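Structure, as structure tokens:
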Amino acid sequence: MAATTVTPAVPRPAARPATAAGPAGADTPAVPLALPLPVLHSTVLGWYEANARDLPWRTPEATPWAVMVSEFMLQQTPVKRVLPVWAAWLERWPTPADLAAEAPGEAVRMWGRLGYPRRALRLHAAAVAITGEHGGEVPDDHATLLSLPGVGEYTAAAVASFAFRQRHVVLDTNVRRVFARAVTGVEYPAQATTAAERRTATALLPADTGTAATWAVAVMELGALVCTARGPECGDCPLFTACAWQRAGCPPYEGPARRGQSYEGTDRQVRGKLLAVLRAEHGTVEQARLDAVWPDPVQRARALDGLVADGLVEPVEQGVYRLPQ
DNA sequence: GAAGCGTGGCA
DNA sequence: TTGCCAAGCTT
């Protein structure tokens, strides 16, 4: 990093637009901020050093497996709810082989109420693959990580970056929002990740490997703590004066309506209720117990069929079910 | 590319 | 209260 002192205050940028698409438009990488790259890096990294949360999966003692478990659990679930389950999970299954030796249903049970229990099944399947095909060690390269069940582009980059300190573009919802505001000048990113976003993130990634790894987690943390979806704390933001959205006067979001996920009355809700019964029961469960959770028999049957199809529930005999063995 | 997939907290 | 959001992945 440059010898310049890391100060919270950012030099006041020139009076030209913060973002300038190149002459060729969308195919040209956006010019990142009205801020030299080294200054941007030291500003965000300095902020991170002073404000990062002490999360257990960020400690030096955290194994790659511990990092990977945290990434699975954090897919769409807030940190606060993940913390206790993560700790219990790693106490019980300190290595992939420990989990792989158990029935998948035990993973579903331990998952508790984190939501999206298919993640538990995929984490178990990933542990089986790691144990059987990778010598019991979490793979350290992006492509191999990507081949594991439940590991997509984000998770592969996150594990490679956080657990193995590699240099990868880590694009999650936090990072996308920070760049949407600071670089592009809009309140929210598009629904799906675009090539332009990836170019921007690539252009901003520090060249040094170790610095890049810290940068990735630092930008995520900024999005999680300051540049939040609702009620961002712009007054506390290290990028306040450089932020394109701020300089544009914080224009409200204008894109298509962000899809709200309805829940009440959906199959998802029924699946959740059915699985809650199965999780609480350590043996088999009779049909009548399941029938009690939802009045509509058609929807109930559809939800149960879906759970069976997903491998989250195992039919034992006619009218008897259990978590998968 | 859009839809489906849990759950809880907060404004 | 209701709607929105939370370190996405799979089909």
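By convention in this document, chain letters (A, B, ...) are assigned in the order of the sequence lines, proteins followed by strands, and residues within each chain are numbered from 1. As a basis for the values below, the full set of heavy atoms in this structure was taken, side chains included, without hydrogen atoms, waters or symmetry mates. Not measured: the values here are computed from a predicted model.
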[atom1]-based separation of [M] from [N] [nearest Å]:
N	M	atom1	value
C/dA7	B/dC5	P	22 Å
B/dG1	C/dA6	C1'	23 Å
B/dG8	C/dT1	C1'	16 Å

- Item | Side chains of A/Glu102 and A/His124, donor plus acceptor under 3.5 Å |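 Per modelled atom types, A/Glu102 and A/His124 side chains form no pair under 3.5 Å.
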
- Going by distance alone, is a donor N or O of one side chain under 3.5 Å from an acceptor N or O of the other, for A/Gln75 and A/Thr155?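 There is such a pair between these side chains.
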
Strictly distance-based, threshold 3.5 Å: is any side-chain N or O of [X] a donor or acceptor partner for the main-chain N or O of [Y]?
X	Y	value
A/Arg176	A/Ala190	yes
A/Thr59	A/Pro56	yes
A/Glu221	A/Arg53	yes
A/Thr184	A/Arg181	no

- Quick check, are the ring centers of A/Trp93 and A/Trp65 under 6.0 angstrom apart?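 Here the rings of A/Trp65 and A/Trp93 have centres that are no less than 6.0 Å from each other.
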
Report which part of the nucleic acid [X] touches: base, sugar-phosphate, or nothing (heavy-atom distance under 4.0 Å, all strands).
X	answer
A/Ser70	nothing
A/Leu275	nothing
A/Tyr263	base
A/Arg58	base
A/Ala229	sugar-phosphate
A/Leu312	nothing
A/Arg230	base
A/Trp57	base
A/Arg53	base

Return yes when atom [atom1] of [X] has more than 12 non-hydrogen atoms of other residues, nucleotides or ligands closer than 6.0 Å, and no otherwise.
X	atom1	result
A/Gln287	CD	yes
A/Gln325	CD	yes
A/Gln191	CD	yes

- At the 4.0 Å heavy-atom cut-off to chain A, mark where contacts on DNA chain B begin and end, going 5' to 3'. B/dG4 to B/dG9

- For the pair A/Trp86 and A/Trp57, name the ring-plane relationship: parallel under 30°, tilted 30 to 60°, perpendicular over 60°. perpendicular

- Query: Heavy atom of residues 138-158 of chain A under 4.0 Å from DNA chain C: which residues?
  - Reply: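 Residues of residues 138-158 of chain A under 4.0 Å from DNA chain C: A/Pro149, A/Gly150, A/Val151, A/Gly152, A/Glu153, A/Tyr154, A/Thr155.
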
- A/Arg113 or A/Arg268: which one's nearest nucleotide on DNA chain B is closer to the 5' end?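 Here A/Arg268 is the residue nearer the 5' end.
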
- Query: Between A/Arg167 and A/Asp208, does at least one N-O distance fall below 4.0 Å, as a salt bridge requires?
  - Reply: no

- At a 4.0 Å cut-off to heavy atoms of chain A, the contacted part of DNA chain C spans C/dG3 to C/dT10

